[in-house]
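This report concerns only the one structure given below.
Note: hydrogens, waters and symmetry copies are ignored here, and every other heavy atom, side chains too, is used. Letters go in sequence order (proteins before strands), and every chain restarts at 1.
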Number of protein chains: 2
Amino acid sequence: MGIAERKERHKEDIKKRILEAAKELFLEKGFEATSMRNIAEKVEFSPTALYLYFKEKNNIIYALHQEGFRMLASKFQVLAMVSDPMERLKAMGRIYMQFAMENSDFYELMFIMKEPLQYLEGCPDEDWQEGEKVYHALYNTILECQQKRLFSNIEAHGLSLMIWSTMHGLCTMKIHGQLDHMTSNKNILPEVESKIDYVYETFIAVLERMA
Amino acid sequence: MGIAERKERHKEDIKKRILEAAKELFLEKGFEATSMRNIAEKVEFSPTALYLYFKEKNNIIYALHQEGFRMLASKFQVLAMVSDPMERLKAMGRIYMQFAMENSDFYELMFIMKEPLQYLEGCPDEDWQEGEKVYHALYNTILECQQKRLFSNIEAHGLSLMIWSTMHGLCTMKIHGQLDHMTSNKNILPEVESKIDYVYETFIAVLERMA
DNA sequence: TTTGGAAACTTAACACTGTAAACTATTTTT
DNA sequence: AAAAATAGTTTACAGTGTTAAGTTTCCAAA
C-alpha cells in the first residue's frame with residue numbers, strides 16, 4: 001500500500017520544515033536563545049508537537065550538527081582540483097578557517113557544543129562519522145605529502161591530529177574572543193589587520209620549514 | 001571608624017563562602033547543572049540573597065574563572081626552576097595540558113565558556129588580564145629561545161599564538177571527546193595509551209625539528 | 001457508509017531556571 | 001527613642017525542556 005509511503009514522506013517533510021525553522025532561528029539569535037517554543041511557533045505547531053518528530057532537543061541539535069558537516073564537506077569539494085598535496089593541505093586549512101568564520105554558529109554546533117556528541121553517547125555503536133570523514137580528508141593528504149618525501153619520519157596520525165588541533169584551537173580562540181581580548185600584541189602587530197590570518201600564516205611557515 | 005571595615009570584611013567573607021559553595025557544586029555536578037538556588041541552599045541563604053553579593057550569575061562565574069587562572073599560575077611557578085628556555089617551553093606545555101586534564105571543569109570555565117569574557121565586555125576598559133598573563137609567560141619563553149638562536153626568522157607573537165592555539169585545540173578536543181570519538185586511528189595506534197600525550201609528543205617533535 | 005481505532009496534534013501541567021520588586025526584620029545613625 | 005540604612009526573605013514574572021492526558025483528524029474494516 002503506497003499510502004504508508006506517502007505518510008512517511010509527509011513526516012520527513014515536516015521534519016525538514018522543523019529543522020529549517022530551527023536553523024533560521026539558530027542563525028539569527030544564536031543557539032542559547034532558541035527554544036523549542038520558538039521553533040514550534042515558527043512552524044505553527046504547538047510546542048509539544050515537535051516531540052512527535054524529534055525525541056528531544058538534542059536530537060534537533062544533532063541533525064543541524066550533521067548539516068553543518070555536509071556544508072563543510074561541500075566547501076571541501078574544490079580541494080579535489082588541487083593536485084599537489086602540500087598545496088591542498090594549505091588550501092584545506094584556509095577553507096576550514098573560512099568556514100569557521102563565516103558560519104561560526106555552525107562551527108560551534110559542530111565542534112564546540114557538547115550536546116551533539118553527548119547525544120551520540122546515548123546511541124551505542126554509533127560513532128562520530130561526520131568528524132571521521134573530515135579527519136580522513138586531512139590524514140590522506142598528509143599521507144600523500146609523505147609520498148612526496150615531505151614530513152618524513154613523522155607518524156601521520158599524530159601529525160594529522162596535531163594540525164587539526166592547531167586549526168581548531170585557532171578558530172575557537174577567534175570565535176570566543178580570546179584572540180581579540182589579547183591586547184598586548186595589538187600594539188606590537190599594528191600592521192596586521194587580521195590576527196587569525198597572521199597566525200595561520202605563521203603555522204604554514206612552521207610546517208613548511210620542518211617539512 | 002573601624003566598624004565599616006569590619007562590615008566590609010564580613011561581606012568579603014560571605015562572598016568567599018558563596019564562591020566556595022559555587023565551586024564545590026560546580027566541580028561535582030558540572031556548571032550547567034548548578035543553579036543559583038543550589039548555591040543559595042548550600043550557603044543557607046534565600047536564592048535572591050546572592051544578588052546582594054553578586055550582581056548576576058555571570059559575576060560568580062567570572063570570579064571562578066579568575067580563581068582558575070590563579071590555580072594555573074601557581075602550577076606554572078615551578079617553571080622558574082627550568083633555566084633552558086626550550087626545556088621550559090616543553091614543560092609549560094605539559095603543565096598546561098595536565099592542568100586541563102585534572103581540572104577540566106575549570107579549564108572549560110577559563111577558556112571555553114563564553115560567559116566570563118562576555119561579562120568582561122560589559123565592563124569597559126577591563127581587559128582580559130588573566131589571559132594576558134599566561135600569554136606573556138609563553139611569549140617571553142619564546143623570546144628567550146630566540147636569543148639562543150632557536151625559531152630564528154619567525155615572529156615571536158605569531159609563534160606564541162600558534163603554540164597556544166595548538167595546546168588549546170588539543171585540550172578542548174580531548175575534553176569534549178572529539179579525540180576519543182575518532183575511532184579510525186584507534187586501530188592503527190593500538191600501542192598508544194593516551195592519544196593526547198601522543199599528539200603532544202608529535203607537536204614537540206615538530207617544534208624541535210623546525211627550531 | 002458507518003463504526004472502531006490508530007495516528008496527529010493540542011492543552012494542561014510539572015519541575016525547573018535567572019532575576020526584579022516588594023516586604024520584613026535587624027542594625028546603625030541621628 | 002525615632003529615623004534611616006542595611007540585610008534578608010517572600011512573592012512574582014517570564015521563561016525553559018518535557019510528560020501525560022485530552023482532543024481532533026483520518027484511514028481501514030464491518
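Following rounding to the nearest Å, I61(B) (CD1) and dT17(C) (P) show an atom-to-atom distance of 14 Å. Between the P atom of dG18(C) and the CD atom of E32(B) lies a distance of 11 Å, rounded to the nearest Å. The separation between K55(B) atom NZ and dA20(C) atom P is 8 Å, rounded to whole Å. Atom P of nucleotide dG18(C) and atom CD of E41(B) are separated by 13 Å, given to the nearest angstrom. In this structure, K11(B) atom NZ and dT27(C) atom P are separated by 16 Å, rounded to whole Å. Between the OH atom of Y51(B) and the P atom of dT11(D) there is a distance of 18 Å, given to the nearest Å. Between L52(A) atom CG and dT24(D) atom P the separation is 17 Å, expressed in whole Å. What separates CG of N59(A) from P of dT18(D) is a distance of 10 Å, to the nearest Å.
Using a 4.0 Å cut-off, some side-chain N or O of Y53(B) falls inside it from OP1 or OP2 of dG8(D). Considering only side-chain N and O atoms, S35(A) lies under 4.0 angstrom from the phosphate OP1 or OP2 of dT16(D).
Among the atoms of the strands shown, none is found under 4.0 Å from any heavy atom of F54(B).
Checking dT9(D), dT18(D), dC9(C) against every side-chain atom of F45(B), the shortest atom distance belongs to dT9(D). Taking only side-chain atoms of R37(B), from C-beta outward, the nucleotide of dG17(D), dT19(C), dT10(D) with the closest atom is dT19(C). Side chain of K57(B), nearest nucleotide from dC9(C), dT16(D), dT19(C): dT19(C). Here the side chain of T48(B) is nearest to one of dT18(D), dA8(C), dT11(D), namely dT11(D). Out of dA7(D), dG17(D), dT19(C), the shortest distance to the side chain of E56(B) is found at dT19(C). In this structure, of dT16(D), dT10(D), dA7(D), it is dT16(D) that holds the atom nearest to the side chain of N38(A).
Taking the six-membered ring for Trp and thresholds of 30 and 60 degrees, F111(A) and Y107(A) have ring planes inclined between 30 and 60 degrees apart.
Between E155(A) and Y198(B), the side chains place a donor N or O and an acceptor N or O closer than 3.5 Å (distance only, hydrogens not considered).
Under the 6.0 Å distance and 45° angle rule, R94(A) does not count as a cation-pi partner of F99(A). Cation-pi check for K133(B) over F69(B) is not met; the charged atom does not lie both under 6.0 angstrom from the ring centroid and within 45 degrees of its normal. Remark: R17(B) is positioned above the aromatic ring of F45(B), its terminal NZ or CZ atom under 6.0 angstrom from the ring centre and at most 45 degrees off the axis.
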